[in-house]
Protein chains: 2
Amino acid sequence: MEIYRDSHDRALTDYPRPSVAVDTAVLTVPPGGELSALLVRAGAGVGTGTGTGTGTAWRLPGTFLHEGELLADAVLRSLRTKAGVSGLSPRQLHVFDDPARDNRGWVLSVAHLDVVPWPSLTIDESLAKVVPVADAGALPYGHNDILDQAVATLRTRYAAAPDPAGLLEHPFTLRQLQHLHETVAGEPLMRDSFRRAMEPQLAATGELAAGTVGKPARLFSGA
Amino acid sequence: MEIYRDSHDRALTDYPRPSVAVDTAVLTVPPGGELSALLVRAGAGVGTGTGTGTGTAWRLPGTFLHEGELLADAVLRSLRTKAGVSGLSPRQLHVFDDPARDNRGWVLSVAHLDVVPWPSLTIDESLAKVVPVADAGALPYGHNDILDQAVATLRTRYAAAPDPAGLLEHPFTLRQLQHLHETVAGEPLMRDSFRRAMEPQLAATGELAAGTVGKPARLFSGA
DNA sequence: GACGATTATCGCAGATTCGCGCTAAATGTC
DNA sequence: GACATTTAGCGCGAATCTGCGATAATCGTC
């Protein structure tokens, strides 16, 4: 294949180009826990040089983009190698482009959000941890901004549709769905208002939950 | 400054990197017209090789990112050199990352939205034109997707606040504001509902419009 | 069988929002 | 001064939404 040359007889690669990285806010909901985020040890990927500083030794997972790779594929590769997670659908949040943001050189970072069911999230605890987003503390490289935007985006999506990120195993009850939505929202939700908003978007399986004391709850799957 | 080298003794620039481009949906409202977009002739910037094809000779303005440049600065430079526009605040929409999207090589495109008051938009008509977004026709490189997302984003912003992009000269009347919002929304708006939503966010100047038949309208500026 | 616990539904009051017709005020034109 | 035009405000009915207490149904435990 002939290499394209422009009007100055130069190839695209003759011009200075940035390194492109992806950083991902991975959000999950542990059983009985709060909305939480995955953090990896600094030094295990993109970012800080040494990672020995106090309070900044943790960061969001990320990696450099490989040649010809899609951003989403880079995100998934990064999550696989850092946390053993696969088969998810990351969504873009924002590109951070300060040329001085990384002391190794000119790096653009495309921030992403990915939401992972807790059972899929097996991690090497010497390299990574999951913490409630409220307890994330100060992160480097504007990762707190990424996290904040990720949480806001997730809350907006959950306000509009039942479990859009597929965190619940199917089938589930209205009570389980409400509890999940309350965890994502970070506040209690009115039972009737919640039901009025969500039930029209659900498909009843026609079956009932078993093994509970009290009237058995109806079971639902996605609409 | 010592060049950073990683654990393989390689600099960042030793690894393959994409070229990074910015493409911008520039939206404006001509006097008495509809919500419109700026198109430039293909071949005048990033994109098509020859630009002689029918129906695809027009595209959104864009440029390659220069070394150490912020994405927003690249957008502004692109608009200055292609349309003589300056001093605006572009916002990111999405990164398009298909390695095959550009036949000259591996190019990521960071799509942006920028909104420009009509009087600021002087263009060289041999290189650019402004068309209603409904009449944009088929554009290359997924530029229709960029345009659609830009319009949706702008409509959401205008639904929530009075003239957030500053298209109106100050001061203005409620009637002028409503007319602008109707142009952006692409549909009529109820007078009372509109006033209830917007008036609390406006600052009355205390003055009245002059030179009109009928009760003079109150004048407003931003909140 | 009684009981506690849970789900589901719903009536209903109150709150909020919307749309529209009507009226008053204030201007310029004739 | 009469008139047309425009702005501004508002009363009010309709529509929608919310929250909550009450009730019925259905399970497991004792």
Side-chain angles (χ1 to χ4, degrees), chain A residues 29 31-32 155-164 167-223, chain B residues 29 31-32 155-164 167-223:
Chain A
V29 174
R155 284 177 170 164
T156 298
R157 290 179 67 207
Y158 268 75
D163 194 19
L167 290 173
L168 283 178
E169 269 187 50
H170 288 206
F172 49 81
T173 69
L174 268 174
R175 200 71 194 94
Q176 287 170 329
L177 184 67
Q178 176 173 345
H179 190 262
L180 171 65
H181 278 238
E182 286 174 336
T183 306
V184 170
E187 63 184 3
L189 301 173
M190 273 297 159
R191 191 171 59 95
D192 265 2
S193 301
F194 177 79
R195 189 182 55 79
R196 284 177 186 133
M198 297 295 151
E199 197 178 344
Q201 307 181 62
L202 293 170
T205 66
E207 296 177 13
L208 300 175
T212 58
V213 175
K215 186 178 179 183
R218 281 180 297 150
L219 292 174
F220 296 90
S221 61
Chain B
V29 176
R155 285 176 169 162
T156 299
R157 289 179 67 206
Y158 268 76
D163 193 21
L167 289 173
L168 283 177
E169 270 188 48
H170 286 206
F172 49 80
T173 69
L174 269 174
R175 199 73 195 93
Q176 287 170 330
L177 184 66
Q178 176 172 347
H179 190 264
L180 171 66
H181 278 237
E182 286 175 335
T183 305
V184 170
E187 64 184 4
L189 300 173
M190 274 298 161
R191 186 174 61 96
D192 264 1
S193 302
F194 178 79
R195 189 180 55 79
R196 285 178 185 132
M198 297 295 152
E199 197 178 343
Q201 307 181 61
L202 293 170
T205 65
E207 297 177 12
L208 300 175
T212 59
V213 175
K215 186 178 179 183
R218 281 181 294 150
L219 291 173
F220 296 92
S221 61

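In what follows, chains carry the letters A, B, and so on, assigned in the order in which the sequence lines appear, proteins first and then strands, with residues in each chain numbered from 1.
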Worksheet item: Does the distance from a Lys or Arg side-chain N to an Asp or Glu carboxylate O, for B:Glu187 and B:Arg155, drop under 4.0 Å?
Response: no
Discussion item. Can a donor-acceptor pair be found, under 3.5 Å and without considering hydrogens, that links the side chain of B:His181 to the backbone of B:Leu189?
Written reply: no
Fill in: Heavy-atom neighbours of B:Glu207 CD exceed 12 at 6.0 Å
no
Fill in: Between P of D:dA8 and CD of B:Glu199, the distance in whole Å
8 Å
Worksheet item: Want to settle it: does B:Leu219 or A:Gly211 sit nearer the 5' end of DNA chain D, counting the closest nucleotide to each?
Response: B:Leu219
Worksheet entry | Backbone N/O of B:Thr173 and side chain of B:Gln176: donor-acceptor pair under 3.5 Å | yes
Response to the item:
From CZ of B:Arg195 across to P of C:dG19 the rounded distance in Å is 13 Å
Fill in: Value in whole Å for how far the P atom of D:dT7 lies from CD of B:Glu207
18 Å
Response to the item:
Whichever of A:Phe220 and B:Pro216 has the more 5' nearest nucleotide on DNA chain C, that residue is A:Phe220
Worksheet item: Side chain of B:Thr205, backbone of B:Leu219: donor and acceptor closer than 3.5 Å?
Response: yes
Fill in: End axis versus end axis in the helix from C:dG1-D:dC30 to C:dC30-D:dG1, the angle rounded to 10°, five pairs used at each terminus
0°
Discussion item. Does C:dA25 have OP1 or OP2 under 4.0 Å away from a side-chain N or O of B:Arg218?
Written reply: no
Discussion item. Side chains of B:Leu202 and B:Phe172, heavy atoms from C-beta outward: is any pair under 4.5 Å?
Written reply: yes
Worksheet item: Expressed in angstrom and rounded to an integer, what is the separation of B:Leu202 atom CG from D:dA8 atom P?
Response: 11 Å
Worksheet entry | Contact letters for nucleotides 12-25 of chain D, in which S counts primed atoms plus P, OP1 and OP2 and B counts the base, heavy atoms under 4.0 Å | ------BBBB---B
Item to complete: Mark yes or no for whether B:Gln201, through its side chain, and B:Ala160, through its backbone, hold a donor-acceptor pair below 3.5 Å.
Response: yes
Item to complete: Give, ordered by number, those residues of residues 173-186 of chain A having at least one heavy-atom distance below 4.0 Å to an atom of DNA chain C; if nothing qualifies, reply none.
Response: A:Arg175
